[in-house]
J.: 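Provided herewith is a single structure, encoded as structure tokens, for subsequent inquiry.
Residue numbers start from 1 in every chain, and the chains themselves are labelled A, B, ... in the order their sequence lines are given, proteins ahead of strands.
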Amino acid sequence: MTMKTLSGTLLATALAMAASSATGAEDDIFAQYRAMFGDDNPAELTEFQGEDLWNEVRGPKQVSLEQCDLGLGAGVVEGAYAQLPRWFEDAGKVMDLETRLLYCMETVQGMDVTELRQHPFSEQGQPQTDLEALSAYIAAQSKGMPIAVPQDHPAERAAFEMGREQFNFRAGPHDFSCATCHGQSGKRIRLQSLLQLNEPEGAKASFSAWPAYRIAQGAVRTYEWRMADCARQQRLPGLVHGSPAAIGLITYLGVLANGAEMDAPGLKR
Amino acid sequence: MSLNQTIIRGALLGVLAATLASCASTPEGQTGTAQAEAAKVDPAAAKKAALMSSFETSGQAGMDRLEQDHMQRFCSEYEGRPVPAEDAKKIAADATAGVRFPEDGDFFGDWHNGEWIAKTGKGMQSNDDPSEPNGGNCYACHQMADEEIAYGTLGPPLRHYGKLRGTSEAILRYTWTRLWNSHVYNTCSHMPRFGASGILTEQQLKDVMAYLFDPASPVNQTLETAAMEQAQ
Amino acid sequence: MGNPMRIRAVTADGNTTVKVLMSHPMETGLRKDSEGNLVPAHHITTVTATHNDKTVLTAEWGAAVSQNPFLEFSFAGGAPGDKVSVHWVDNQGDSRTDETVLK
Amino acid sequence: MNMHRRSFLTLSASVLAVAATATMWPLRAMAEWVRPKAAFEAKGMDDTFAAMGGTPEASTDIDFMTPEIAENGAVVPVTVTSKIPGTTEISILVEKNPNPLAAIFVFPEGTDPSVKTRVKVAQTCNLYAVVRANGKLYSATRETKVTLGGCGG
């Protein structure tokens with residue numbers, strides 16, 4: 001367990017304030033509110049749970065997830081999240097962290113993850129799901145590392161392209177696409193500043209902060225949750241967890257965010 | 001589906017017949033190897049299959065919502081880019097043809113209801129109750145009344161809307177049309193087609209009109225006035 | 001038995017600053033679940049912090065302290081090897097104690 | 001559980017010193033800790049102050065920090081530091097919550113009369129930091145606006 005000093009906290013706060021002004025959000029009226037949180041993020045409680053789950057011997061095969069390859073070799077968690085989604089030869093597809101974790105629980109531990117795949121996110125007031133806890137822990141192990149989502153395999157490039165198209169896909173009764181809200185810079189919805197996600201600056205701010213502790217829900221939410229909840233607000237049908245569109249969007253945002261430092265779990269409204 | 005959408009969809013069949021035909025022949029929800037097979041045959045079909053496998057019906061949000069009409073398809077393609085003039089003309093013409101003005105000729109309802117609509121963001125989401133009225137969520141994107149500081153900036157500010165513009169027949173028809181289908185004036189507008197897509201009822205549109213134009217509506221007051229009146 | 005707390009304690013210039021994150025729903029008793037039923041009140045009522053055996057803070061809380069509560073305070077003293085311990089009790093009789101050792 | 005009991009007794013001993021001046025206040029009334037239930041259950045500021053032993057006097061010697069505008073009322077960070085000599089308690093009250101009293105912090109000798117926590121604020125209203133020092137109550141007030149942040153859906 002790392003012990004952060006108070007001066008570290010102050011530095012982080014100062015950096016957070018500097019960052020918010022650097023992104024042209026000087027007029028962000030929530031800057032003071034966010035700065036008051038410092039780096040004391042309740043997501044840490046979920047990271048702990050995730051760490052235990054990662055190391056725990058579970059499932060019919062009675063092994064821990066330390067046998068799981070997140071892309072950098074079996075059991076390597078440090079830096080793994082910053083390089084996902086990526087192509088996995090064993091599964092024959094591009095997977096993000098959440099899809100990969102379910103795959104490992106299924107194949108490595110022999111667990112039945114049907115239920116978890118159907119309900120990957122906890123209900124309000126309920127304990128975090130294993131997937132949320134594991135995601136928080138794994139993402140935190142990439143803190144400070146540069147995002148490097150690969151575009152080597154043709155399927156990785158295809159995922160990026162699908163994500164780009166999905167981002168602009170207008171549909172449903174309100175004609176909304178991701179770009180409706182996230183295609184311009186310096187805008188806000190109600191009082192919430194909106195990131196422009198189809199260019200690197202906004203994508204970096206987004207990708208590096210998820211998973212995040214969502215204050216409104218008192219829980220850590222994952223990047224797949226973020227995608228699915230945007231789809232809900234776009235009035236689209238339910239975005240399937242681990243689906244081509246979900247992985248595509250995450251790949252698209254990740255590649256645009258390449259080079260930025262991971263700083264998840266973040267803290268969000 | 002509204003009459004207007006049906007018309008647009010009809011037009012779309014003419015313009016993009018070839019693409020659509022191949023899409024229409026693709027069964028929904030193909031996955032895995034079927035997807036790979038389709039990719040070899042037709043990339044458009046594969047794309048469609050991947051899309052359909054990515055969503056599932058949730059509450060009132062059915063899979064039919066993934067079917068794009070002409071405007072949606074076109075504006076997705078031209079997102080963030082200038083729209084070719086010819087196409088813009090056609091979209092605007094289709095939009096104009098679909099506008100329905102109030103049958104009784106009265107543009108105004110109750111601004112109090114209009115205020116509720118402007119402030120309410122619920123409606124037509126998968127987790128919304130379809131038996132409840134839809135909101136319009138105007139404040140998500142527009143500044144309106146002084147007293148509401150939580151407004152968005154995706155759309156232009158509408159503060160003192162009626163006070164600044166008056167209530168001529170022309171401005172009423174213009175505003176109604178904006179609410180009904182913004183693409184009449186602004187091709188690939190990001191504003192939902194509240195009338196054309198059936199998000200708000202005719203009565204609700206009248207209520208929003210009243211909220212925008214009524215001199216008594218908070219939209220047309222300055223905060224000091226509102227405070228003084230409250231005190232009296 | 002509740003979930004573990006996260007306690008950080010840092011000594012500088014003869015003063016020890018303690019930061020605590022607790023895992024607790026802090027239900028007010030006024031929230032309805034997805035089926036429309038009221039979720040019963042469930043919140044921490046008392047928090048006690050000790051430095052070795054000395055009480056350094058006591059707190060009485062209502063349901064208006066936020067979910068997954070955060071608490072920061074500081075006391076005079078603290079030396080490497082000292083124990084800082086935090087204990088809470090909630091209105092349903094649950095409790096939890098965690099501690100950290102000063103470095 | 002032993003440690004728990006012992007710490008409570010230590011605390012009780014330390015607060016007994018000022019018990020004589022505030023007999024109404026349950027925390028000081030007995031050798032064993034008593035939660036001031038009535039104060040936590042009181043509705044409205046007047047009743048809450050009454051249950052706490054009186055209306056506090058406004059003081060500029062309390063550093064009270066809350067955000068001017070909160071993105072989410074469910075979690076509003078607050079910081080209170082009392083510069084009033086003899087401070088033994090800091091309470092945080094939220095005017096328009098169903099029960100205004102959110103928390104009481106008791107500071108034994110050697111602990112800085114300063115605390116940082118996060119509270120729920122149901123709607124835009126005043127927050128109060130109430131300090132008990134030498135049996136008297138002092139307060140500082142700040143307004144925090146609670147707004148709709150996101151898409152509203």
J.: Could you tell me which non-hydrogen atom of D:R118 sits nearest to which non-hydrogen atom of A:F37, and how far apart they are?
T.: NH2-O, 3.3 Å

J.: Could you check whether atom NZ of D:K145 has more than 12 heavy atoms from other residues, nucleotides or ligands sitting under 6.0 Å from it?
T.: no

J.: Crowded around A:E123 CD? As in, over 12 foreign heavy atoms under 6.0 Å?
T.: no

J.: Measure D:T66 against the heavy atoms of chain A and call it side chain, backbone, both or neither at under 4.5 Å.
T.: backbone

J.: Ignoring hydrogens and geometry, is there a side-chain-to-backbone donor-acceptor pair from A:Q32 to D:E68 under 3.5 Å?
T.: yes

J.: Side chains of A:Q192 and D:E71, heavy atoms from C-beta outward: is any pair under 4.5 Å?
T.: yes

J.: Assess the residue pair D:N72 and A:Y33 against the criterion (side-chain contact (heavy atoms from CB on, under 4.5 Å)); give the C-alpha distance rounded to whole Å, side-chain angles, the decisive distance to 0.1 Å, and a yes or no.
T.: CA-CA 9 Å; D:N72 195 313; A:Y33 173 76; 3.8 Å; yes

